[in-house]
Every structure is written in structure tokens, then in C-alpha cells.
Amino acid sequence: MEIPPALHMNKGDGENSYAKNSQVQRMIISKGKTMLEEAVEQMLSCSSMIPEVMEIADLGCSSGPNTLTVISEIINVIHATCRNRGRPSPELRISLNDLPTNDFNYIFASQLPSFYKELEVKGSCFVSGIAGSFYGRLFPRKCLHFVHSSSSLHWLSQVPASLESNEVVNKGKLYISKSSPECVLEAYSVQFQKDFSTFLKSRSEELVHGGRMFLSFMGRRCSDPTTEESCYQWELLAQALMTMAREGIIEKEKIDSLNVPYYAPSIKELKLEIEKEGSFVINEVEALEIDWDGGSNHNEEFIQRGERVANTIRAVVESMLESHFGEHIMDELFERYAQLVGDYLSNNSTKYINFLLSLVRNHI
Ligand SMILES: C[S@@+](CC[C@H](N)C(=O)[O-])C[C@H]1O[C@@H](n2cnc3c(N)ncnc32)[C@H](O)[C@@H]1O
């Protein structure tokens, strides 16, 4: 099954939009800036890699301030490196990719005009949108020089099929949890292997030899996928839903029948898939710890931190939950979730683990 069409970040720039609630993802981008810049510089340091036209893709671009921030960073490094080496800057073709349900109109109508205005070298950069799944080919063969993707590859192409057809196996949960049977853990891991290897294979065909990818996405440090750093944000969301089921606001069976198409892999799983697929060499990999609320103000009351976490998660998963449970429960659900997260953070300092991965397309 394809990714449910309901998976899209909250559109526009309203109170619950992804544009207004993506500070955690912005923090990840800012912590990865140095490694991203190094990857672009290294790509350019091979002189044959400065063609007249350079093609760059951002996969899972979403819509909001983060979308063009990353692109600006990449462009700035290219211009600075070319300037330092006395070479003319290449013309840049920038492709912004996301699923067809993404709010591309917001990017092109509200963000792109000021982006073009602020460009250092005017008229040398051409941005277009590419709607489609990155779990498959998106571009012609050997046309891309650089691929970026942040906070997107933890989304699987589908809920593992064995869980979709079996509502009793992961009862009362949305994702892997301490109480999930081994077959649930296995089903998620197998789906990740299949998806990540399809992703690598597709990009290996699209990238020129020596081309680079810089990826960041959720992961885990330990092999056990049931630790709190791997899955507890989902556990608390399931708990919020279960309190509503106990009060008769939603049916418990509805919770049993929902699993999310998400997976936080271990570094070992990642390396294994990269080696198996064989088209990429790992240049660098790093694991970052990220506060659930982006870490902006630790003096805040826990309930406010809980609200910020709930707003961030809501902007990402609301479309999926709304299509399953209905719009009418969303405010109540995320209020309960904020409360549970606030209580949890008052006794725990669990963080997200985010991988930064810099890869080179090998010459084979
Ligand atoms: C949390 S947003 C990240 C947006 C942006 N890169 C950032 O760092 O703020 C994840 C994005 O990945 C997109 N996405 C998920 N699965 C995808 C797929 N198979 N193909 C393309 N985009 C996908 C989602 O639609 C969403 O816009």
C-alpha cells in the first residue's frame, strides 16, 4: 500500500500549521549546518564537479520557513566556494520534492518571491516543485549533483502490511511499544529495510558519480526499538487516545486499527542497508540529541513545554489522525497529549535521537 494520502504536514501559516510549528525541525537543520556545508564543499572540491548547471534536490521539503532556509545555505556555500576558487558560479536548478498532498502553493506563492529577491546572484537559480514519493524514481538518470533531505526519511512508504491486516496484534498502540509483540518489531524493521534500500537505489540512479547526499532523520542509539528515546512520543499519544476511549469519546477498536508509517532505525540497521545496496560510501555519520520541544526555554513550566511538543507533533500527524478519528476530537486530543507530555517531562529528560548522514555516490 502507498503512503496514506492523509499524510501531509498542516498546510498554510495558521496557528496549527507546520510553518508555525516546525522549530524542532529547524533546530535539527541548524545543528547539521556545518556538516551540510562540508558535504557541499567536498562535492565542489573535485573540480569536475563544478558543471555549468548544477542540479540540487530537497526531498520531503514540506512548506514553511525551513524549506528555503536549507536551499539558501546550500546556495551560499556554492557561491562562496566558487568565489574563493576564482571560478564562475554554476546556474542552479533546485527541485523541491514532497508528496502530492504537500502545500506547494504556499511555497510558490508566499515564500519563493522573497527568496528570489534575496539571492546574491540574481537570475541564476531556478526552483521547481516535484510531487511524488521519494521511495521511487523522481528524476532522470545521472542528473542530480546534490540531494538533501531533513526530518523526512523516518516516514515509511506504508504501514507494514502484516499490521494493516491484523488489528489485534498491536492493540491500544500506534507504533512499537514496550508491550508490542516481537512480530510488530520485526514487521517495522523489515518495512524500513525495504524502503531505505529503495530510496538508496532510486537516488543512486539519479545522482552523478561523486554526487552527494546529506540526510537527517529520527533514529535510535540502541538496538532495542522499544526504549523511550525510540518511541515514547507515540506511547503518550496512544495513552491520550486511550483516555478518550475510556470516556466513550472514541471507539477503542479505532485505536487498535491504527499504526503509523514511521520508523526510527538504529545506526547498525542503516549501515547494513547502505552496505547491502552498495552505491554509496558513508562520508560521515553523527547522532544528535534533540529536546522534544526544541529546547528553547528550560525555565518554562512543564505544561508549556508539553504544549509546545503537542503543537509540533500536531502539525505533523494531525492530517493522519483526523482522517481516522474525525476532526472533532483533535483539539481535545492534543490538549490531553500536552498534559501527558508535560507530566512526563517533569520526571524525564528523554530526547529525540536524530542522525546526520553524509553519503557519496561511488564510482561503481
Ligand atoms: C517533518 S516534514 C520535514 C520538512 C522539512 N524538510 C523540514 O526539515 O522542516 C516531513 C516531510 O516529508 C514528507 N514525506 C514523507 N514521506 C514522503 C515520501 N515518501 N516522499 C516525499 N515526501 C515525503 C512529508 O510529506 C513532509 O512534508
Side-chain angles (χ1 to χ4, degrees), residues 1-13 16-33 35-36 56-74 94-107 111 127 129-139 146-159 191-192 194-203 206 213-219 233 260-264 288 290 292 294 309 311-320 323 352 354-357:
M1 201 194 80
E2 281 289 294
I3 291 179
L7 175 67
H8 60 77
M9 307 301 102
N10 280 352
K11 301 183 181 203
D13 60 359
N16 295 326
S17 63
Y18 184 74
K20 288 264 161 67
N21 295 283
S22 43
Q23 294 83 352
V24 171
Q25 293 83 350
R26 176 172 283 267
M27 162 83 67
I28 291 166
I29 289 169
S30 100
K31 288 200 173 190
K33 188 168 184 243
M35 202 163 142
L36 167 69
I56 296 161
D58 185 31
L59 309 184
C61 63
S62 195
S63 61
N66 300 352
T67 307
L68 292 164
T69 301
V70 176
I71 295 302
S72 300
E73 283 173 8
I74 295 172
I94 312 277
S95 299
L96 302 177
N97 154 261
D98 208 293
L99 294 169
T101 41
N102 183 52
D103 194 355
F104 283 104
N105 281 345
Y106 180 76
I107 305 175
Q111 298 185 283
V127 180
I130 305 285
S133 172
F134 49 54
Y135 294 122
R137 287 285 300 276
L138 293 164
F139 301 94
F146 195 83
V147 168
H148 173 271
S149 176
S150 60
S151 297
S152 302
L153 271 160
H154 42 248
W155 290 108
L156 299 172
S157 72
Q158 62 171 80
V159 175
Q191 187 64 48
F192 165 77
K194 188 165 160 266
D195 284 344
F196 195 56
S197 115
T198 305
F199 176 85
L200 293 173
K201 170 125 188 22
S202 307
R203 301 298 81 77
E206 297 164 349
M213 285 211 282
F214 181 75
L215 313 173
S216 76
F217 49 92
M218 296 289 192
Q233 70 275 30
V260 290
Y262 168 95
Y263 190 68
L288 301 175
I290 304 286
W292 279 17
V309 176
N311 291 342
T312 307
I313 299 279
R314 179 172 186 165
V316 173
V317 304
E318 182 166 19
S319 63
M320 212 167 33
S323 76
Y352 295 129
N354 202 269
F355 289 131
L356 302 178
L357 187 57

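Source: prediction; values computed, not measured. One-based numbering, in listed order, for ligands and for the atoms of each.
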Q. Can you check whether Ser152 has an N/O within less than 3.5 Å of an N/O in ligand 1?
A. yes

Q. With a 4.0 Å cut-off on heavy atoms, does Ser157 reach ligand 1?
A. no

Q: Please indicate whether any nitrogen or oxygen in Ser150 is less than 3.5 Å from any nitrogen or oxygen in ligand 1.
A: yes

**Q.** Region of Ser63 that comes within reach of ligand 1 [heavy atoms, distance under 4.0 Å]
**A.** neither

(Q) Only heavy atoms of Tyr135, strictly under 4.0 Å: list the atoms of ligand 1 that pass. (A) 19 (N)

Q. Which value, rounded to the nearest 0.5 Å, describes the distance between Asn10 atom CG and Asp13 atom CG?
A. 12.0 Å

Q. Can you list the atoms of ligand 1 that are under 4.0 Å from a heavy atom of Trp155?
A. 15 (C), 16 (N)

**Q.** Nearest non-hydrogen partners of Ser323 and Met320, listed with the distance
**A.** OG-O, 3.1 Å

Q.
Pairs of nitrogen or oxygen atoms closer than 3.5 Å, one from Leu7 and one from ligand 1: do any exist?
A. no

Q | Close N or O approach (Tyr18, ligand 1; < 3.5 Å) | A | yes

(Q) Show the nearest heavy-atom pair for residues Leu356 and Ser216, with the distance to one decimal. (A) CD2-CB, 3.6 Å

Q: Would you mind listing which atoms of ligand 1 come within a distance below 4.0 Å of any non-hydrogen atom of Ile29?
A: 8 (O)

Q | Donor-acceptor contact present, side-chain Asp98 to main-chain Ser62, <3.5 Å | A | yes

Q. Nearest 0.5 Å, what's the NZ-CE distance between Lys31 and Met27?
A. 6.0 Å

Q: Measure up the Phe134 and Phe199 rings against each other and bin them: parallel (under 30°), tilted (30 to 60°), perpendicular (over 60°).
A: perpendicular

Q: Output yes when a side-chain donor or acceptor of Gln25 lies under 3.5 Å from a complementary backbone atom of Ser150, and no otherwise.
A: no

(Q) Distance under 4.0 Å to a non-hydrogen atom of Gly132: what atoms of ligand 1 satisfy this? (A) 20 (N), 21 (C)

Q.
My understanding is that we take every heavy atom of each candidate and find the minimum distance to atom 25 (O) of ligand 1. Doing that for Asn66, Leu99, Asp98, which one comes out nearest?
A. Asp98

(Q) When you measure from the heavy atoms of Asn97 to every atom of ligand 1, does any distance fall below 4.0 Å? (A) yes

Q. Are any side-chain N or O atoms of Ser157 and backbone N or O atoms of Asp195, one a donor and one an acceptor, separated by less than 3.5 Å?
A. no

(Q) Under 4.0 Å from a heavy atom of Ser62: which atoms of ligand 1 are those, numbered in the order shown and with their elements? (A) 4 (C), 27 (O)

(Q) On a heavy-atom basis, which atom in Ser202 and which in Arg137 lie closest, and how many Å separate them? (A) O-CD, 3.7 Å

**Q.** Side-chain heavy-atom pair Ile107, Cys61 within 4.5 angstrom cut-off
**A.** yes

**Q.** Per-atom contacts, ligand 1 versus Gly60 - under 4.0 Å to a heavy atom
**A.** 3 (C), 4 (C), 5 (C), 6 (N), 11 (C), 12 (O), 13 (C), 22 (N)

Q.
For Ser133, which part has a heavy atom under 4.0 Å from ligand 1: side chain, backbone, both, or neither?
A. both

